[in-house]
Asker: 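Below are the C-alpha cells for one structure; questions will follow.
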Amino acid sequence: MIKLQFCGAAGTVTGSCYLLDTGRYRLLIDCGLFQGSKAIKERNYGPFPFNPGAIDALILTHAHIDHCGLIPKLYLQGFKGPVFTTPVTAELARVLLPDCGHIQEMEVERKNRKNKRAGLPLLTPIYTAAQAAACLDFFRTLDYREEQEILPGVRLRLQDAGHILGSAIVELWVQDVAGEIKITFSGDLGNPGQPIVNDPTPIASTDYLVIESTYGNRRHNIQGDKIELLKEVILATMKKGGNLIIPAFAVERTQDLLYALNIILQQGAVKVDNIYLDSPLAVAATEIFCRHQDYFDAETKDLSHNGSTCPFYLPGMHLSRTAEESMAINKIHGGAIIISASGMADAGRIKHHLKHNLWRPEATVLLVGYQAAGTLGRRLLEGEKRVRIHGEEIAVRADIVSIDGFSAHADQAGLLNWVKSFRQPPRKVFVTHGEKEAAEDFARLLTTELGLATEVPGWLDTVQLLPVAAELAPAPATALRDTSTAAEAEAAYQRLLVQLKALVEAGFARQDYAGTKRRLEQIAALVNQGLDEKAG
C-alpha cells in the first residue's frame, strides 16, 4: 500500500514537504522552512508530523529555503539517510543552509536581549550555522535525465524545472505488489522564456502528479518589457534623488536583476555608479552561477561570450560581505541601487535598508517576486502606511513598486501549458504549494479544461496511491449497490482506455516488454474474473 502525506505546502505556499510511504520505505520530497504569518512560522519550531529516524531518503527539488530549510533540523532529530538532488542544488545548499542557520542565530540573539531585560525565557535557534554545515556531507547528486534506483523498487529521475539554476522536477517509479506506479512532483516550475535558466522540461506521462500553484489563479501582469520597466523605475528614483531598494532572493532573482542591469548599462540609457549587492549569500550564489555556465540557456551564454566572462559582474558593483560594509550603505541617502535578501523582506539585511529608507519619500522599494501572506513584502505591496521593523514603527513614505516579470514561477497559463504537454494525462492531480484560493482555482481549471481528476489536499492529509491493476480489482460483495448512470459508466470506460494506453506506452518507452506483458496479463485476469463472477 503506497501512501502520500502532505506535510507542508498544503494550504500555503511555503514549507514544501511530502512524505511518500511505499510500504517498505519512507521518502521525503523536500523539507522546507515555513514562511509567512506568525501562525505558519510556528510550525518550524514544533515536532515533525513523522519520525525523522524512520525516513530512508530525501529528494530535494531545489535550493530555496522554503524547500530545503528544515533539512538540518531533520538530521538533528534522527534522520540518517541520503539527500538526492542536482549538483548545482547541492552546491547552493552549501551556502544557503549555513546562512539560514546564521540568520536564525542572529534573530534569536536579538530577541534574547529583549527577553533578558523583560525576565522572559530565552529562545534557541532551530539550528545553528555549524549544525547546518554538518548535514551537507549526506548530499548525493544526480544529473538531469539520469535514472537511478535509490532504494530497492524505487527509481528516481530528475528533470529541469526551469525555476532556478539546478531546480528539478522529480519522477519516481515505485514497485508495489500489485504493479508499478509513477508519481511526478513538479517542484517549483519556472516562468517560460526567462533568461539564465531553460524552460521546464515536458514530462511524457505519469500516474499521479503533485503540482505547485503559487500563481494558480493569476497571470503575470507584464505591461511592457520588464527590462524597460526596470529602467523606468531606476530613472524615476534617480530623478527624485533617493535610493532604489530591491528585496531579492539570493538565488536566481538576484542574478535575474544583475542580468537585466547588465543589459541596461550596455544600452547606456542609465548611469548608476553605486550598485550594491549586500548579501554574502547572494555574492556566494553568484559565484556558483558563474562556475556553472553550462546550465545557462542560449541567450545568457551569448551574453557571457560563451563562458569567458560572467554576465552578473557589473562595472563598479560593490559586493558587501561584512556587517560593517552593510551598515556603511545606510549612510547613503540617494543615488544607489541596493539589492539585498530576503526576497519577501522578512529576514536578513534588507530589513535594515528598509528601516533606513521606507520613511524617505525620495526612495523607492521595488518588489520583484511573490510575496507570501503575512510577510513584510506583502504588507508593503498591499499598501500599509506604517510597519514595524526590529521593534520600531516606521512610516511608509517611499514609493512601493512591483514588476511581475522577474518572477521565477510559472503563472496560471504557464502551469496549464506544462500539464497540457503530457502525452498521456495523469490519473489524478494533487494541487499544492499555493494559497487556498489559488490552489482551488487551478484545480477547477484542470478539471474543466483538461477533464483531469484533481484534489487540493489540506495540511497533513494522507492519500492512497494505487497501481492501475489494483484500481481495476472487483469491489467487495458488500459494496455492489450500483447507483451509477450510463454516462458515468461510459466515462469510466474511457478513463480505462487512456490508462491502458499510458501503461503500454510507458512500458515500451522503457523497453520493459516483459513487465508490460505481465501487467496486461494481470489486468486481463481481473477482467475475466469479473466476467466469470457476473456469469455465475
Side-chain angles (χ1 to χ4, degrees), residues 35-38 41 103 106-107 109-111 113-114 117 229-250 253-254 257 261 270-282 317-318 320 322-404 406:
Q35 298 167 309
S37 68
K38 184 177 180 181
K41 286 192 285 191
I103 288 174
M106 296 300 100
E107 290 285 321
E109 181 182 335
R110 182 182 59 79
K111 290 176 181 177
R113 287 197 295 268
K114 293 183 179 180
R117 294 193 293 267
L229 293 173
L230 176 60
K231 182 165 46 174
E232 290 173 11
V233 172
I234 295 170
L235 288 170
T237 306
M238 298 304 114
K239 185 176 180 180
K240 287 192 300 178
N243 293 324
L244 175 59
I245 314 298
I246 310 178
F249 289 113
R253 199 63 43 80
T254 289
L257 285 163
L261 286 169
V270 172
K271 180 172 173 56
V272 182
D273 294 325
N274 292 315
I275 300 173
Y276 292 90
L277 182 55
D278 184 28
S279 165
L281 180 60
M317 184 169 73
H318 307 278
S320 301
T322 68
E324 291 75 19
E325 289 171 332
S326 178
M327 287 187 286
I329 298 171
N330 289 321
K331 297 175 182 177
I332 301 171
H333 297 162
I337 298 174
I338 304 166
I339 304 170
S340 187
S342 70
M344 298 183 193
D346 224 26
R349 293 182 177 183
I350 190 63
K351 294 179 78 172
H352 294 278
H353 298 307
L354 291 171
K355 182 177 177 180
H356 284 83
N357 286 275
L358 272 176
W359 55 273
R360 300 178 187 274
E362 66 272 21
T364 302
V365 176
L366 174 61
L367 301 171
V368 292
Y370 183 80
Q371 307 297 316
T375 60
L376 177 55
R378 180 69 162 264
R379 299 202 307 274
L380 292 172
L381 190 61
E382 291 176 344
E384 284 196 19
K385 297 304 179 186
R386 304 189 77 82
V387 294
R388 186 168 290 275
I389 301 177
H390 295 151
E392 183 178 340
E393 194 170 86
I394 308 294
V396 180
R397 297 195 183 98
D399 288 326
I400 310 298
V401 181
S402 174
I403 299 178
D404 276 351
F406 286 98

Asker: Would you please test N274 and I337 for side-chain contact (heavy atoms from CB on, under 4.5 Å) and show each step?
Answerer: CA-CA 6 Å; N274 292 315; I337 298 174; over 6 Å; no
Asker: Taking the side chain as everything from C-beta on, heavy atoms only, tell me whether L261 gets closer than 4.5 Å to I339.
Answerer: yes
Asker: Atom CG in L367, atom CD1 in I246: separation rounded to 0.5 Å?
Answerer: 10.0 Å
Asker: Shortest non-hydrogen contact from T237 to L244?
Answerer: CG2-N, 3.8 Å
Asker: Do K240 and T364 make a side-chain contact, defined as non-hydrogen atoms from C-beta onward lying under 4.5 Å apart?
Answerer: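 In contact.
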Asker: Ignoring hydrogens, what is the shortest heavy-atom contact between A336 and N243? Give both atom names and the distance.
Answerer: N-OD1, 3.2 Å
Asker: Flag the pair M344 / R378 as yes when at least one side-chain heavy-atom distance between them is below 4.5 Å, and no otherwise.
Answerer: no
Asker: Using 4.0 Å as the upper bound for N to carboxylate O, is an ion pair formed by R379 and E382?
Answerer: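 Between R379 and E382 there is no salt bridge, as every charged N stays at least 4.0 Å from the carboxylate O atoms.
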Asker: Listed by chain and number, what are the side chain to side chain contact (heavy atoms under 4.5 Å, CB included) partners of A395, not counting sequence neighbours?
Answerer: R386, R397
Asker: If the condition is side chain to side chain contact (heavy atoms under 4.5 Å, CB included), which residues does I329 pass it with, not counting sequence neighbours?
Answerer: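 Only Y276, D278, S320, I338, H353 meet the side chain to side chain contact (heavy atoms under 4.5 Å, CB included) criterion with I329.
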Asker: Sequence neighbours left out, what pairs pass ring-ring contact (aromatic ring centres under 6.0 Å, His included) with at least one residue falling in residues 324-346?
Answerer: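 Found none.
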Asker: For P247 and V368, which heavy atoms make the closest approach, and how far apart are they?
Answerer: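 Closest approach of P247 to V368, heavy atoms only: O-CG2, 3.9 Å.
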Asker: Does the side chain of H352 come within less than 4.5 Å of H390's, by heavy atoms?
Answerer: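 Answer yes - side chains close enough.
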Asker: Could you tell me whether the side chain of V365 reaches within less than 4.5 Å of the side chain of D399, counting heavy atoms only?
Answerer: no
Asker: Taking the side chain as every heavy atom from C-beta outward, state whether R349 and P280 have any atom pair closer than 4.5 Å.
Answerer: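 Yes; the side chains approach each other to less than 4.5 Å.
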Asker: Do L229 and E232 come within less than 4.5 Å of each other through their side chains, counting heavy atoms only?
Answerer: yes
